[in-house]
Asks: 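Take a look at the following structure, please.
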Protein chains: 2
Amino acid sequence: MSNLETVFNIAAVERDTGLSKDTLRVWERRYDFPKPGRDANGERVYPQEQVDKLRLIRRLLDLGQRPSKVIPSTSAELTTLLESYRATSAPGTPAVVEQELMQYVKLHRSGELLAALHQGLMKQGLQRFVAETIAPLNEAIGEAWVRGEIDIPEEHLYTEQVQNILRGAIGASTTSNGRPRILLTTFPDEYHILGLLMAEATLVPEGASCLSLGTRTPLADIQSAAVGGKFDIVGLSFSVAYPARHAIEGLVELRDALPTHIGIWAGGAALKDKQRRLPGIRVVTDLADTLTALREWRSVHST
Amino acid sequence: MSNLETVFNIAAVERDTGLSKDTLRVWERRYDFPKPGRDANGERVYPQEQVDKLRLIRRLLDLGQRPSKVIPSTSAELTTLLESYRATSAPGTPAVVEQELMQYVKLHRSGELLAALHQGLMKQGLQRFVAETIAPLNEAIGEAWVRGEIDIPEEHLYTEQVQNILRGAIGASTTSNGRPRILLTTFPDEYHILGLLMAEATLVPEGASCLSLGTRTPLADIQSAAVGGKFDIVGLSFSVAYPARHAIEGLVELRDALPTHIGIWAGGAALKDKQRRLPGIRVVTDLADTLTALREWRSVHST
DNA sequence: CGAACACGTTTGTCTAGGACAAAAATGATG
DNA sequence: CATCATTTTTGTCCTAGACAAACGTGTTCG
């Protein structure tokens, strides 16, 4: 049996952590971490543990820490630090159901997971199910991922099951003539689709007609699809891992490329507190705010 | 609206064209194009026309052209070349329904597309719908893409709608205790999911219990998921675009990493005629063959 | 006491050319 | 014709220096 000792090249680490190749190299130069090995060709080879630590660091940077502070710490210290954030922020979200679902993910109980999700959907209805079950669960999964408690296949399994549930429910309640007409997609280097599906699941029951292009649409194509399809709004989703700077640059460029009568809504953790750098763009802070944005649009466009 | 002379920095060009910064710089060195200006800080500044030409080039590369051939040409010549692709490969004579669906894709009639797909599903049942409608349509879409008749957003739109339909239908007929237990996924650099969904839609009605991990699962994770989840079979899907050599290497490595009692099924256009280089792996030629493989497994494992 | 400004530090991205392996094209051989 | 070996093409990685934007800190002023 061959050894599948997991190592990563620099491109893979960029994908997994959201830290650019340039950043990874300059950190190595300045802070002496990460310290990858080299293969026969002199190219960097990152072991699993260093990638894990980089993910922890990335998470702390998103929380406002600075590289020089966190990079020298050990993984254990970083985990403690992350948990201290967790303690301060989470006000009353006990969620027994959430813990149960999380267990199914960790134990690969896909059957039970699907059944429990289905049950939640039936009980709460699509919108509440998404807002009260899926969204918090997403966050819990993200945190567990950073803490190394869950793995890629577990995250894949989770994403697949949620997609199965949400796409089924969206398909059942879809309308094609409602207003506004909303085009949903992501930028080319964003792979995460759950944000889009959650937005669609929130908007469709309100009578908006949503069209999702899935992930990874080039900017020029977003523009031509929006104009050609006579959409009122373009909705973009950014996961935590998406570099805020990229998001802002891309959004500004898109705003410039679209006629002013087409609105842009941008949502996701990467854009928290970035509204002031995004004139002409509606930053959607969470799913409830998505509904607020919808009401705003309708009150402005009612004649 | 945008100011008269819109210019782009290298990061923006990477976003807009999908060509990496490294590639842009090395082309400039080797082919003397693109030839961006420089700002006060000595950094590249790309004018609109060069970005437009880069997009044309990108498109031609996707169609199989090589950089050294196309980069020296003018934009006008490239446009002509692109149009020649449309003219050359005459489309065969696809079925009437198929043509109708294709029209919906081209015209962005997502509502009608979804309705027609739904109707097809109701009329034919899941298995026949997949084999007789979706599979040929997939091929027609692929050909139209090569001919330049459809674009990235149209392909995305198609993929999304088919996913909505198939996931809904699979969810409705899923069983969790059937045999064999099949794990479905793709290798890390394969993004296309429709092959997996079609396989799942074919197998689930036969009473197999399928678990899809979605796309892009690292080899080591496929291995641990297959062993940990006590699966009987691992199913991999490869789209036309997937390099056959990579597929073969990966499959051989996976075969080596899995215990012999776990079967490997590999399907997709990339593996046509490669069976003899893949000992211990069942190459599945099409959807009908998938059912044959299932029957084979059951007759061998019936006690 | 808080806002506004100036200053030093931190940090990410850009630059140049060199190098090399994977992929494609080409030629040779069964 | 198909398979194998060789050459050319092409994308990605390398090093190490530079600099502007973001950030933190200290100072001054209303």
Side-chain angles (χ1 to χ4, degrees), chain A residues 7-15 17-34 36-46 54 57-58 60-72 189 242-249 252 273-274 276-277, chain B residues 7-15 17-46 54 57-58 60-72 189 241-250 270 272-274 276-277:
Chain A
V7 288
F8 304 81
N9 65 14
I10 197 168
V13 176
E14 179 180 41
R15 255 202 314 277
T17 64
L19 299 164
S20 79
K21 293 167 195 164
D22 278 325
T23 301
L24 290 168
R25 286 193 275 252
V26 90
W27 280 7
E28 186 179 338
R29 225 193 298 164
R30 287 187 187 146
Y31 311 114
D32 212 42
F33 182 89
R38 299 293 173 130
D39 65 9
N41 189 28
E43 302 192 350
R44 291 174 175 78
V45 172
Y46 296 83
L54 284 169
I57 293 171
R58 173 58 208 265
L60 284 162
L61 295 191
D62 290 339
L63 292 170
Q65 292 286 332
R66 311 215 55 191
S68 55
K69 299 279 163 92
V70 288
I71 294 179
D189 32 10
Y242 201 91
R245 192 181 164 139
H246 279 186
I248 291 166
E249 278 175 15
V252 168
D273 310 320
K274 299 291 193 281
R276 56 178 201 78
R277 284 204 257 165
Chain B
V7 288
F8 305 80
N9 64 15
I10 197 168
V13 177
E14 178 180 41
R15 238 198 332 276
T17 64
L19 300 163
S20 80
K21 293 167 195 163
D22 275 325
T23 302
L24 290 167
R25 284 193 277 253
V26 91
W27 281 6
E28 186 179 338
R29 224 192 299 163
R30 286 184 188 149
Y31 312 113
D32 212 42
F33 181 88
K35 198 105 202 236
R38 300 293 174 133
D39 66 8
N41 189 28
E43 302 191 350
R44 291 173 174 78
V45 171
Y46 295 82
L54 285 169
I57 293 172
R58 174 60 205 262
L60 285 161
L61 295 192
D62 288 341
L63 293 172
Q65 292 286 331
R66 310 218 54 192
S68 55
K69 299 278 164 93
V70 290
I71 294 180
D189 31 12
Y242 200 92
R245 192 185 161 139
H246 276 187
I248 292 167
E249 278 175 16
K272 227 168 155 303
D273 311 321
K274 299 288 193 278
R276 55 175 208 80
R277 283 206 254 167

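To find a chain, count down the sequence lines: A is the first, B the second, and so on, and within it residues start at 1. All values derive from a computational prediction rather than experimental measurement.
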Asks: Atom CG of A:Leu19 to atom P of C:dT11: distance rounded to whole Å?
Replies: 13 Å
Asks: Between C:dT11, D:dT12, D:dC14, which nucleotide gets closest to the side-chain atoms of A:Ile10?
Replies: D:dC14
Asks: If you compare every side-chain N and O of A:Arg38 against the phosphate oxygens of D:dT15 (OP1, OP2), does one of them come in below 4.0 Å?
Replies: yes
Asks: Quick one, which residues of residues 20-29 of chain B touch DNA chain C with a heavy atom under 4.0 Å?
Replies: B:Lys21, B:Arg25, B:Arg29
Asks: What integer distance in Å separates B:Ile57:CD1 from D:dT9:C1'?
Replies: 16 Å
Asks: Figure out the CG/P separation between B:Leu61 and C:dA23, and round it to whole Å.
Replies: 16 Å
Asks: Roughly how many Å is it from CG in B:Leu60 to C1' in D:dT10, rounded to a whole number?
Replies: 17 Å
Asks: To the nearest 0.5 Å, tell me how far A:Leu54 CG sits from A:Phe33 CZ.
Replies: 4.5 Å
Asks: Nearest whole angstrom, please: distance from the C1' of C:dG12 to the CD of B:Glu14.
Replies: 14 Å
Asks: Map B:Glu43 and B:Lys69 onto DNA chain C by nearest heavy atom, then report which one ends up closer to the 5' terminus.
Replies: B:Glu43
Asks: When you measure from the side chain of B:Arg58 to the backbone N and O of B:Gly18, does any donor-acceptor pair fall under 3.5 Å?
Replies: yes
Asks: Measure the shortest side-chain to side-chain distance between B:Asp39 and B:Val7 over non-hydrogen atoms and say whether it is less than 4.5 angstrom.
Replies: no
Asks: With axes from five pairs an end, tell me the bend angle of the helix from C:dC1-D:dG30 to C:dG30-D:dC1, nearest 10°.
Replies: 40°
Asks: Using atom CG of A:Asn9 as one end and atom P of C:dA21 as the other, report the distance to the nearest whole Å.
Replies: 15 Å
Asks: Indicate the atoms forming the closest heavy-atom contact of B:Asn41 with B:Glu43, along with that distance.
Replies: ND2-OE2, 3.1 Å
Asks: Return the value, rounded to whole Å, for the distance between atom CZ of B:Arg58 and atom C1' of D:dG11.
Replies: 12 Å
Asks: Minimum heavy-atom separation for B:Pro72 to B:Ser68, with atom names?
Replies: CD-O, 3.3 Å
Asks: Mind checking if A:Arg44 touches a base, just sugar-phosphate, or nothing, with heavy atoms under 4.0 Å?
Replies: sugar-phosphate
Asks: Taking A:Val13's backbone N and O only, do any of them form a donor-acceptor pair with A:Thr17's side chain (distance below 3.5 Å, no angle check)?
Replies: yes
Asks: Quick one: does B:Asn9's side chain have a donor or acceptor within less than 3.5 Å of a partner on B:Ala11's backbone?
Replies: yes
Asks: Nearest-nucleotide wise, let me know which of A:Ser68 and B:Arg30 is further upstream toward the 5' end of DNA chain C.
Replies: A:Ser68
Asks: Does a salt bridge link A:Arg38 with A:Glu28, judged by any charged N lying under 4.0 Å from a carboxylate O?
Replies: yes
Asks: Nearest nucleotide by nearest heavy atom, which residue falls closer to the 5' end of DNA chain D, B:Tyr31 or B:Asn41?
Replies: B:Tyr31
Asks: Are the side chains of B:Pro67 and B:Ile57 in touch, meaning some heavy atoms are under 4.5 Å apart?
Replies: no
